[in-house]
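Data first, discussion second: the structure below is written as structure tokens.
Letters go in sequence order (proteins before strands), and every chain restarts at 1. What you are looking at is a predicted structure, and each value in this text was computed from that prediction instead of being measured.
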2 protein chains.
Amino acid sequence: MENEITSRIEKLISSFDVLSEAGLQAFIKILKPVNFSKKEILLAPGTKTEKIYIVLSGAVREFLINEKEEEVNLWFGFENDFVVSLAAFVSNKDSKTGFQALEELEALEICRKDLYSLYDDFHEIERLGRIITEQYFVSTESYHHDFHYLNANDRFNKLTKERPEIFQRVSLSHIASYLGITIETLSRLRAKN
Amino acid sequence: MENEITSRIEKLISSFDVLSEAGLQAFIKILKPVNFSKKEILLAPGTKTEKIYIVLSGAVREFLINEKEEEVNLWFGFENDFVVSLAAFVSNKDSKTGFQALEELEALEICRKDLYSLYDDFHEIERLGRIITEQYFVSTESYHHDFHYLNANDRFNKLTKERPEIFQRVSLSHIASYLGITIETLSRLRAKN
DNA sequence: TTAATTGTTTGATAAATGTCAAAAAAGGCT
DNA sequence: AGCCTTTTTTGACATTTATCAAACAATTAA
């Protein structure tokens, strides 16, 4: 792996503050740089996966197919985000959701068998896994809660305020799907606010 | 801890299939039986927490207070469920959500400092923590996704089909709040279906 | 640059859900 | 049992959001 990437990932993993130098180097060894072109599918819904990606640059969406055969966006990932269908990764069952690159994407790939063997060898990497899973849970939970008690207008306002960069990088049709509203409703909310 | 409880918790933890006998016994040592009466608050929204509970019997709800000062239910827990505001537990910040017993509740309490010291001493218990966190994530995620693409009627039907026992144990007003609809709308959906 | 395609906005109307009020039903208490 | 309180249902109406159609704008490709 080239030097600049190594130093970026060192910085990212060091920020969790649980790995020794040996653990960090062992972790870096299993990372494999991969690239996806715009619109490329990283994981198709209904297929199995044994990969986790860490985004270095670019944007990705997570989506599922509903009973009307429409795609519904659930999540957007950017720099330093972890991309994984956790339910499928840990159970080895078909993933309900899929991932697609929204921009040219640079990422690091982690294979399940490599990760699990590091978990066996390094208690501290198992700890890193636990902590990253906890943070992944916490970061998605609060956004999911919004759907329980905010209407479309409030969800739109919250997204505008808390993640304005999304409107720069993601098309309105993807954002509408993510907000659980139609393109037309999103257009009207934008005009109103 | 009395014998019957010990054997139940042994069975529950053994089902994860990661602990040695020594790890299991160490884990059981930190569990403290606690009881809550019906309607008692386990954790108030806006307060800190260093506890995880494992439900032995009874029912509990997780809720938050929205900007109209109304309670919104987010989750219901029953036998063998883990009860924790993970965001608050891991960050030691105020919890956005709270927990309340819906029935007389028997539970086992885990203290953060005890758990973290077991994490230090037993790699395998850190692994248990990782796996339970993953499963907690997976089980809540799929239900959260329903809010992205199902309307009130479909969410109601799915709950009726997948968790019929909830309607036996939880009042309609709590279920309506959980489904993100008014009591009146729930009443009409029930009459229609 | 034009033509074709795709994305966004606007309008009219329909469907879903909320609000407020009142009635009916169910559960507790003495 | 009878009364009181709480929960659930029903009705009338308001609001929010979806649907369908068309216009408009922006992007892409020849």
Indicate every side-chain donor-acceptor pair of residues 26-39 of chain A with a distance under 3.5 Å to a residue at least two apart or in another chain.
from  : atom 1 : to    : atom 2 : distance (Å)
A:S37 : OG     : A:E40 : OE1    : 3.1

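Residue A:I183 is classed as a base contact, given a heavy-atom separation below 4.0 Å to a base.
Atoms CD and CG, from B:Q100 and B:L102 in turn, are 6.0 Å apart once rounded to the nearest 0.5 Å. The distance from the CD1 atom of A:I9 to the CG atom of A:L12 is 4.5 Å, given to the nearest 0.5 Å. The distance from atom CZ of A:F167 to atom OG1 of A:T160, rounded to the nearest 0.5 Å, is 4.0 Å.
Within residues 144-181 of chain B, the residues having any heavy atom closer than 4.0 Å to DNA chain C are, in order of number, B:N151, B:A152, B:G180, B:I181.
For A:K158, the salt bridge (charged side-chain N to carboxylate O under 4.0 Å, His left out) criterion is met by A:D146, not counting sequence neighbours.
Ring geometry, A:F147 versus A:Y143: the interplanar angle exceeds 60°, so the pair is classed perpendicular (tilted spans 30 to 60°).
Put simply, A:R190 has a side-chain N or O that comes within less than 4.0 Å of OP1 or OP2 on C:dT9.
Of the possible polar contacts, one joining the B:E79 side chain to the B:G58 backbone as a donor-acceptor pair under 3.5 Å is found. When atom types are taken as modelled, the side chain of A:R130 and the backbone of B:R127 share no donor-acceptor pair closer than 3.5 angstrom. When atom types are taken as modelled, the side chain of A:R155 and the backbone of A:L179 share a donor-acceptor pair closer than 3.5 angstrom. A donor-acceptor pair is defined here as one N or O able to donate and one able to accept, closer than 3.5 Å; no such pair exists between the side chain of A:D121 and the backbone of A:L118.
Taking five base pairs at each end of the helix from C:dT1-D:dA30 to C:dT30-D:dA1, the local helix axes there meet at an angle of 50°, rounded to 10°.
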Pairs under 3.5 Å (N/O, protein and nucleotides 26-30 of chain C):
none

Mind listing the N/O atom pairs, protein and nucleotides 19-23 of chain D, below 3.5 Å?
from   : atom 1 : to     : atom 2 : distance (Å)
D:dT19 : O4     : A:R188 : NH1    : 3.4
D:dC20 : N4     : A:E184 : OE2    : 3.1

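Closest heavy-atom contact between A:F76 and A:H174: CZ-O, 3.7 Å.
Checked for salt-bridge contact, A:E50 and A:K113 miss the test: no charged N lies under 4.0 Å from a carboxylate O.
Taking atom CG of residue B:L186 and atom P of nucleotide C:dG18, one finds them 10 Å apart after rounding to whole Å.
By the neighbour-count criterion of 12 heavy atoms within 6.0 Å, atom CD of A:E4 is sparsely surrounded, having that number or fewer from other residues, nucleotides or ligands.
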